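Small disclaimer: the values here were computed from a predicted structure and weren't measured.
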Amino acid sequence: MAGKSLLEVRHLKKCFDGQGILKDISLTVQEGEVVSVIGPSGSGKSTLLRCAAMLEKMDAGELVYMGEYAAREVAGRCEYASKADLRRIGRRFGLVFQNFNLFPHYSVLKNVTDAPMTVGRLSKKEALERAEQLLARFGLADKKDAYPCQLSGGQQQRVSIVRALAMQPKLLFFDEPTSALDPELTGEVLKVIKELAKEKMTMIIVTHEMQFAKEISDRVVFLEKGEILAEGCAEEVFSSGQARIQDFIGKVAH
């Protein structure tokens with residue numbers, strides 16, 4: 001896919017308690033691309049996302065955002081950029097977690113305007129305008145004064161997507177965005193992500209929703225035991241002759 005590279009992960013390794021969770025993972029994401037990461041539980045999908053989003057430190061490898069190193073390999077060790085550089089690089093992406101991670105004591109509007117004002121240095125007026133536009137766009141205008149506990153799970157997840165978008169990121173990470181929702185509410189969140197895909201928002205999505213991954217993805221990465229078992233367009237991966245992949249897709253799809 002033509003376009004500039006927004007994110008490059010090179011030879012990423014990550015261990016927990018001496019156990020290799022991610023083993024030599026390399027991945028490039030182009031601007032405007034939607035990449036779904038699928039695979040069984042415990043395969044390292046969320047850890048890959050957390051390392052790419054700098055929530056976990058890599059043990060080895062390199063992390064490059066828009067040509068700028070967040071982490072590089074120096075003499076066999078992974079060295080991160082300065083805190084100031086990492087803060088600046090961190091503004092290029094947004095995160096949407098499976099458990100929403102909204103501030104419970106903040107209203108919806110304050111949840112959405114807080115980071116643009118404190119981190120993004122927007123004026124209160126600009127932050128409010130941006131937040132209200134986004135809330136209206138995603139059918140949440142009437143919820144701006146509500147608190148997270150007064151919203152359904154689907155509404156909370158939509159607010160967390162709006163909160164991420166309010167920082168105007170170049171790239172959005174989704175870590176199983178529907179796994180905490182019942183099937184009825186899953187659809188409304190997937191619809192929002194599909195709308196973002198249509199607008200060419202660059203996204204990396206860890207998901208168990210196979211049909212959704214098939215429909216929305218420019219590329220699918222299948223992770224197994226910390227290694228990339230298959231990578232390609234959705235059709236290639238889903239019709240792969242590998243028994244392990246067919247077995248997984250068969251179990252998850254039913």
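Remark: of the listed residues Ile249, Ile245, Val220, Ile245 is the sole one forming a side chain to side chain contact (heavy atoms under 4.5 Å, CB included) with Ser240. A side chain to side chain contact (heavy atoms under 4.5 Å, CB included) with Leu48 is found for one member of Ile25, Val206, Asp175 and no other, namely Ile25.
Distance check, rounded to the nearest 0.5 Å: CD of Gln157 to CG of Leu190 gives 10.0 Å. With values rounded to the nearest 0.5 angstrom, Leu196 atom CG is found 5.5 Å from Leu165 atom CG. Atom-to-atom distance recorded for Ser82:OG and Ile89:CD1 is 8.0 Å, nearest 0.5 angstrom. Taken from CD1 in Ile205 to CZ in Phe212, the straight-line distance is 4.5 Å, to the nearest 0.5 Å. Taking NE2 of His105 as the start and CG of Asn111 as the end, the distance is 8.5 Å to the nearest 0.5 Å. If you take CD on Glu56 and CG on Leu22, they are separated by 9.5 Å, rounding to the nearest 0.5 Å.
Hydrophobic clustering of Ile, Leu, Val, Met, Phe, Trp and Tyr side chains at less than 4.5 Å, counting indirect connections, unites Tyr80 with Leu95. Taking hydrophobic clusters as Ile, Leu, Val, Met, Phe, Trp and Tyr residues chained together by side-chain heavy-atom distances below 4.5 Å, Leu109 shares a cluster with Val159. By the rule that hydrophobic residues join a cluster once side-chain heavy atoms approach within less than 4.5 Å of another member, Leu86 and Leu6 end up as members of one cluster. By the criterion of side-chain heavy atoms lying less than 4.5 angstrom apart, applied directly or through intervening Ile, Leu, Val, Met, Phe, Trp or Tyr residues, Val112 is grouped together with Ile193 in one hydrophobic cluster. If you chain together hydrophobic residues whose side chains sit under 4.5 Å apart, Tyr65 and Met203 never meet in one group.
Counting only residues at least two apart or on different chains, the ring-ring contact (aromatic ring centres under 6.0 Å, His included) pairs with a member in residues 150-185 are Phe93-Phe173.
Here the shortest heavy-atom pairing between Leu12 and Val9 reads CB-CG1, 3.6 Å. Closest of all the heavy-atom pairs between Ala131 and Thr113 is CB-CG2, 3.6 Å. Here the closest heavy-atom approach between residue Gly94 and residue Ala164 is recorded as CA-CB, 4.3 Å. Smallest separation of non-hydrogen atoms from Ala146 and Leu151: CB-CD2, 4.0 Å. Taking all atoms of both residues into account, the shortest heavy-atom contact from Cys78 to Gly61 is SG-O, 3.6 Å. Taking all atoms of both residues into account, the shortest heavy-atom contact from Ala70 to Met54 is CB-SD, 3.7 Å.
Judged by distance alone, with hydrogens and angles left aside, the side-chain atoms of Glu227 form no donor-acceptor pair with the main-chain N or O of Glu224 at under 3.5 Å. A donor-acceptor pair is defined here as one N or O able to donate and one able to accept, closer than 3.5 Å; no such pair exists between the side chain of Lys143 and the backbone of Leu135. Between the side chain of Thr202 and the main chain of Leu171, no donor-acceptor pair closer than 3.5 Å is present. Under a 3.5 Å cut-off, the side chain of Lys14 and the backbone N or O of Lys57 do form a donor-acceptor pair. Although no hydrogens or angles enter the test, the distance criterion places a donor-acceptor pair under 3.5 Å between the side chain of Gln242 and the main chain of Leu229. The closest donor-acceptor contact from the side chain of Gln30 to the backbone of Ser5 lies under 3.5 Å. Side-chain N or O atoms of Gln133 include none that pairs as donor or acceptor with a backbone N or O of Leu128 at under 3.5 Å. For the pair Thr178 (side chain) and Leu181 (backbone), a donor-acceptor distance under 3.5 Å is absent. A distance-only check finds no donor-acceptor pair linking the side chain of Gln156 to the backbone of Leu102 [under 3.5 Å].
At a threshold of 4.5 Å between non-hydrogen side-chain atoms, the residues Val221 and Val35 count as touching. With contacts defined as side-chain heavy-atom distances shorter than 4.5 Å, the pair Lys13/Met58 does not qualify. With contacts defined as side-chain heavy-atom distances shorter than 4.5 Å, the pair His208/Ser41 qualifies. Side chains of Cys233 and Phe238 form no contact here, defined as non-hydrogen atoms less than 4.5 Å apart. Residues Tyr69 and Glu62 are in side-chain contact: their nearest non-hydrogen atoms beyond the backbone lie under 4.5 Å apart. The shortest side-chain heavy-atom distance between Met167 and Pro116 falls under the 4.5 Å cut-off. Between Leu7 and Leu63 there is a side-chain heavy-atom pair separated by less than 4.5 Å.
Checked by atom type, the side-chain pair His11/Glu73 shows no donor-acceptor distance below 3.5 Å. A donor-acceptor contact under 3.5 angstrom links the side chains of Gln98 and Ser179, judged on distance only. Under the 3.5 Å distance criterion, with hydrogens and angles disregarded, a donor-acceptor pair is assigned to the side chains of Ser36 and Ser217.
A salt bridge links Arg10 and Glu8; the closest N-O separation between the charged side-chain nitrogens and carboxylate oxygens is under 4.0 Å. Between Lys200 and Glu33 no salt bridge is recorded (no basic side-chain N to carboxylate O distance below 4.0 Å). Taking a cutoff of 4.0 Å between a charged side-chain nitrogen and a carboxylate oxygen, Glu195 and Arg137 do not qualify as a salt bridge. Using a 4.0 Å cut-off between charged side-chain N and carboxylate O, Glu31 and Lys170 make no salt bridge. Look at Glu126 and Arg130 and you find no salt bridge, because none of the NZ, NE, NH1 or NH2 atoms lies under 4.0 Å from a carboxylate O.
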Evaluate the criterion side-chain contact (heavy atoms from CB on, under 4.5 Å) for residue pair Glu231 and Leu27; output intermediate values, then yes/no.
CA-CA 9 Å; Glu231 179 182 356; Leu27 183 67; 3.8 Å; yes

Residues Met210, Ile38; criterion side-chain contact (heavy atoms from CB on, under 4.5 Å); working and verdict
CA-CA 8 Å; Met210 292 301 108; Ile38 64 171; 3.6 Å; yes

Evaluation steps, side-chain contact (heavy atoms from CB on, under 4.5 Å), between Glu188 and Gln155
CA-CA 8 Å; Glu188 68 183 67; Gln155 287 167 336; 4.3 Å; yes

Could you go through the ring-ring contact (aromatic ring centres under 6.0 Å, His included) check for Tyr106 and Tyr147 one step at a time?
CA-CA 6 Å; Tyr106 284 0; Tyr147 285 81; 8.9 Å; no

How far apart are the C-alpha atoms of Val74 and Arg72, what are their side-chain angles, what is the distance that settles it, and do they pass the side-chain contact (heavy atoms from CB on, under 4.5 Å) test?
CA-CA 6 Å; Val74 180; Arg72 65 169 83 222; 3.9 Å; yes

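Residue Lys194 places its NZ atom among more than 12 non-hydrogen atoms of other residues, nucleotides or ligands, all under 6.0 Å distant.
With sequence neighbours left out, Asp182 forms a side-chain contact (heavy atoms from CB on, under 4.5 Å) with Glu184, Leu185.
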